[in-house]
Amino acid sequence: MSRLRRLKDNDADFVTPQDMLSELFEDYKALALSMKAIYALTDDAGDVATTSVLENWVDETERRSWSLRAPSGR
C-alpha cells in the first residue's frame with residue numbers, strides 16, 4: 001500500500017494548526033483530482049452506478065476543501 005498511496009504522511013514532531021489546515025486543504029484537492037480521473041474512466045466505460053457515486057464523493061470532497069480554503073490561508 002505504501003507504494004501506491006498518493007498522500008504523504010507528516011511525521012513532524014509539531015505542526016501548527018495553520019499548517020494542519022493547509023495540508024488538509026491540499027490533501028482534499030489531491031483526492032478530488034484523483035477521483036475526477038477515476039470518474040472519467042468509469043464514465044467512458046459506461047459504468048453509470050460507479051460514476052454516480054464518484055460524482056457525489058467529488059462534490060462532497062470539494063465542499064470540504066472549499067470550507068478549509070479560508071482558514072488555511074489559501
Side-chain angles (χ1 to χ4, degrees):
M1 281 183 58
S2 64
R3 289 179 309 189
L4 299 175
R5 69 181 176 180
R6 295 181 179 170
L7 301 177
K8 295 180 182 179
D9 290 335
N10 181 342
D11 295 325
D13 290 335
F14 177 78
V15 180
T16 66
Q18 185 70 27
D19 288 342
M20 283 184 212
L21 289 173
S22 292
E23 285 182 34
L24 189 56
F25 173 71
E26 293 300 325
D27 289 348
Y28 274 128
K29 282 185 0 183
L31 178 60
L33 285 174
S34 294
M35 286 192 293
K36 286 179 181 181
I38 297 167
Y39 174 94
L41 293 172
T42 60
D43 191 38
D44 290 345
D47 185 348
V48 177
T50 304
T51 302
S52 178
V53 170
L54 281 166
E55 185 174 2
N56 290 328
W57 287 352
V58 168
D59 288 345
E60 291 170 4
T61 301
E62 287 179 335
R63 276 194 294 269
R64 285 190 297 271
S65 176
W66 181 83
S67 70
L68 290 168
R69 187 174 186 184
S72 71
R74 301 242 172 196

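Positions are given from 1, in the same order as the sequence printed here.
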Novice: Apply side-chain contact (heavy atoms from CB on, under 4.5 Å) to residues Met35 and Leu31 and explain how you reach the verdict.
Specialist: CA-CA 6 Å; Met35 286 192 293; Leu31 178 60; 3.9 Å; yes
Novice: Looking at Ser65 and Tyr28, what are the two nearest heavy atoms and their distance?
Specialist: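 So the minimum-distance heavy-atom pair works out to CB-CB, 3.8 Å.
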Novice: Would the distance check show the side chain of Ser22 and the main-chain N or O of Gln18 forming a donor-acceptor pair, the cut-off being under 3.5 Å?
Specialist: yes
Novice: Apart from Val15 itself, what residues make up its hydrophobic cluster, given side-chain heavy atom links below 4.5 Å?
Specialist: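 Traced through the cluster, Val15 reaches Met20.
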Novice: Taking all atoms of both residues into account, what is the closest heavy-atom pair of Ala32 and Val58, and its distance?
Specialist: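 Heavy-atom minimum between the residues: O-CG2, 4.4 Å.
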Novice: List the residues meeting salt bridge (Lys or Arg N to Asp or Glu O under 4.0 Å) with Asp11, not counting sequence neighbours, and say none if there are none.
Specialist: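 By the salt bridge (Lys or Arg N to Asp or Glu O under 4.0 Å) rule, Asp11 matches no residue at all.
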Novice: Drop me the distance from Thr61's OG1 to Asp27's CG, to the nearest 0.5 angstrom.
Specialist: 11.5 Å
Novice: Checking Ser67 side chain against Arg64 main chain: does a donor-acceptor pair fall under 3.5 Å?
Specialist: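 Yes; judged by distance alone, with no hydrogens or angles, the pair exists.
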Novice: Write out all pairs satisfying salt bridge (charged side-chain N to carboxylate O under 4.0 Å, His left out) with one or both partners inside residues 34-62, taking only residues at least two apart or from two chains.
Specialist: Lys36-Glu62
Novice: Considering non-hydrogen atoms only, spot the tightest contact between Leu68 and Phe25 and give its length.
Specialist: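 Smallest heavy-atom distance, with atoms named: CD1-N, 4.0 Å.
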Novice: Distance check, rounded to the nearest 0.5 Å: Ile38 atom CD1 versus Thr51 atom OG1?
Specialist: 11.0 Å
